[in-house]
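As structure tokens, the structure follows; a few thoughts come after it.
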Amino acid sequence: MNINIGKSWKKELKLEFNKTYFQRLMNFLAEENKHYNILPKEHLIFKAFELCPFNKVKVVILGQDPYPTKGHANGLSFSVNDDVNQLPKSLKNIFKELADDLNKPERICGNLNDWAKQGVLLLNTTLTVREGEVESHINKGWEIFTNSVISALQKKNNIVYVLWGKKAQRMSCFINKNNNYIINSSHPSPLSAYRGFFGSKPFSKTNQYLLIKDKTPIIWSKE
């Protein structure tokens, strides 16, 4: 597999690529590719790192695994391709909270490239999935890799970590809570959004923190 992860991230994570777990993961993916359609497409697997270099990370939004629906996954957590008109329900709920939080029209475009280019690392804890099979690539090695990503980011201070749901919140053990800002709430999925995600105001809270730290706030909505 061609690891298009960008120079800055390759420098920070160079030791990971030669570790046994990562080699096993690459072998697993090579075998999976012989029998299944793997999402996202190979050139998009590390897109989050390409669009958001290490030195530009201001915000981390953690997802779980990519959308298993063909044509949806594009390498960024919660994001979908431009041509997806029927947004996934979790993303729809994110945009509903965004509109309520910032008192703006509800965002229509589900492609979150613009967030990533502003310094939002949209990171799934598992970077691949079989088409049509949720969580089919969990516990294959991706979690070790993404744990290392969060650990590498501890060299930096004043990052906002947005942890939606219990699985994302497990990553908090790798985060220096004294030097960063963590926003916790329930997951935006229809099963849990009403348990604390709606009304949590993660977008305004993030920008308020960035302004306090003399950083440029994120433009969350194109509309």
Side-chain angles (χ1 to χ4, degrees), residues 2-13 39-67 71-85 87-88 90-92 94-95 97-99 101-102 104-125 127-128 145-146 149-150 152-164 168 171 175 180-183 188 201-223:
N2 187 17
I3 303 173
N4 298 315
I5 198 169
K7 290 182 180 179
S8 65
W9 282 106
K10 190 166 282 188
K11 178 182 177 182
E12 296 297 329
L13 300 171
L39 303 176
K41 295 179 179 180
E42 183 175 326
H43 71 283
L44 296 175
I45 291 174
F46 296 98
K47 183 180 176 183
F49 303 94
E50 292 180 72
L51 293 184
C52 186
F54 180 84
N55 61 320
K56 292 188 176 180
V57 177
K58 296 190 289 188
V59 182
V60 178
I61 297 180
L62 280 176
Q64 296 176 9
D65 57 349
Y67 295 119
H72 281 200
N74 67 2
L76 306 177
S77 64
F78 297 104
S79 178
V80 293
N81 290 317
D82 286 310
D83 58 355
V84 176
N85 295 318
L87 297 181
S90 291
L91 184 56
K92 187 72 174 172
I94 290 170
F95 288 171
E97 175 61 20
L98 172 59
D101 184 3
L102 302 182
K104 291 188 178 242
E106 193 164 319
R107 180 173 169 138
I108 298 171
C109 176
N111 190 327
L112 304 180
N113 281 6
D114 56 307
W115 292 7
K117 291 176 181 178
Q118 295 178 76
V120 181
L121 181 65
L122 293 157
L123 179 66
N124 280 317
T125 52
L127 300 189
T128 56
F145 178 75
T146 49
V149 170
I150 299 301
L153 284 170
Q154 301 319 296
K155 296 178 182 179
K156 297 165 60 70
N157 295 328
N158 305 326
I159 292 177
V160 181
Y161 292 88
V162 182
L163 308 181
W164 290 328
M171 300 288 273
I175 300 170
N180 301 285
Y181 180 42
I182 298 177
I183 297 175
K201 300 187 179 299
F203 306 101
S204 60
K205 287 178 180 178
T206 294
N207 280 351
Q208 287 165 8
Y209 180 83
L210 294 176
L211 285 169
I212 289 171
K213 299 301 179 179
D214 295 321
K215 294 186 177 186
T216 304
I218 306 299
I219 300 172
W220 295 107
S221 182
K222 291 181 177 181
E223 289 75 26

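- Counting only distance, with no hydrogens or angles, the side chain of Asn4 and the backbone of His43 share no donor-acceptor pair below 3.5 Å.
- Counting all heavy atoms, side chain and backbone alike, Pro40 lies closest to Thr128 at CD-CA, 4.4 Å.
- Two residues are said to be in side-chain contact when any heavy atoms from C-beta on lie closer than 4.5 Å; Leu127 and Pro66 fail this criterion.
- Between the Trp115 side chain and the Trp220 main chain, a donor and an acceptor come within less than 3.5 Å of each other.
- Of all heavy-atom pairs between Pro202 and Trp164, the closest is CG-CZ2, 4.0 Å.
- Of the candidates Leu153, Asn180, Ile159, Val60, Asn180 is the only one forming a side-chain contact (heavy atoms from CB on, under 4.5 Å) with Ile175.
- Residues Ala48 and Leu121 approach most closely at O-CD1, 3.7 Å, considering heavy atoms.
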Self-check item: Chi angles and distances behind the side chain to side chain contact (heavy atoms under 4.5 Å, CB included) call for Ile183, Thr206
Solution: CA-CA 8 Å; Ile183 297 175; Thr206 294; 3.5 Å; yes

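- The 12-atom threshold is not exceeded at NZ of Lys92, counting heavy atoms of other residues, nucleotides or ligands nearer than 6.0 Å.
- A heavy-atom distance below 4.5 Å is found between the side chains of Thr146 and Leu123.
- Taking CZ of Phe145 as the reference point, atom CG of Leu13 lies at 5.0 Å (rounded to 0.5 Å).
- A pairwise comparison of heavy atoms in Pro188 and Phe78 identifies CG-CE2, 4.0 Å as the closest pair.
- Relative ring orientation between Tyr181 and Tyr209 is described as parallel, the plane-to-plane angle staying below 30° on a 0-90° scale split at 30° and 60°.
- No donor-acceptor distance shorter than 3.5 angstrom exists from the side chain of Lys155 to the backbone of Glu12, with no hydrogens or angles considered.
- To the nearest 0.5 angstrom, Ile150 atom CD1 is 4.5 Å from Met171 atom CE.
- Using a 4.5 Å heavy-atom threshold, the side chains of Phe203 and Ile94 count as touching.
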Practice problem: Test side-chain hydrogen bond (donor to acceptor under 3.5 Å, both in side chains) on Ser79 and Asn74 and set out the steps. | Solution: CA-CA 7 Å; Ser79 178; Asn74 67 2; 2.9 Å; yes

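- Within the model, atoms CG of Asn207 and CG of Asp101 stand 9.0 Å from one another, a figure rounded to the nearest 0.5 Å.
- A donor-acceptor contact shorter than 3.5 Å links the side chain of Ser77 to the backbone of Ile61.
- Ring centroid separation for the pair Phe46 and Trp9 does not come in under the 6.0 Å cut-off.
- A donor and an acceptor atom, one from each side chain of Asn55 and Ser8, are nowhere located under 3.5 Å apart.
- Once rounded to the nearest 0.5 Å, the distance linking CD of Glu50 with NZ of Lys117 reads 11.5 Å.
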Practice problem: Under the side chain to side chain contact (heavy atoms under 4.5 Å, CB included) rule, what do Lys47 and Asn113 come out as? Steps first, then yes or no, please. | Solution: CA-CA 9 Å; Lys47 183 180 176 183; Asn113 281 6; 3.1 Å; yes

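- Counting only heavy atoms from C-beta outward, the side chains of Leu112 and Arg107 approach each other to under 4.5 Å.
- One finds the NZ atom of Lys58 at 4.5 Å from the OG1 atom of Thr216 (value rounded to the nearest 0.5 Å).
- Here the CD1 atom belonging to Ile5 is positioned 11.0 Å from the CD1 atom belonging to Ile45, to the nearest 0.5 angstrom.
- The two residues Tyr67 and His72 have their closest heavy-atom pair at CB-CB, 3.7 Å.
- Taking all atoms of both residues into account, the shortest heavy-atom contact from Pro217 to Gln118 is O-OE1, 4.2 Å.
- At least one donor-acceptor pair closer than 3.5 Å links the side chain of Thr125 to the backbone N or O of Gln64.
- Between Val59 and Leu210 there is a side-chain heavy-atom pair separated by less than 4.5 Å.
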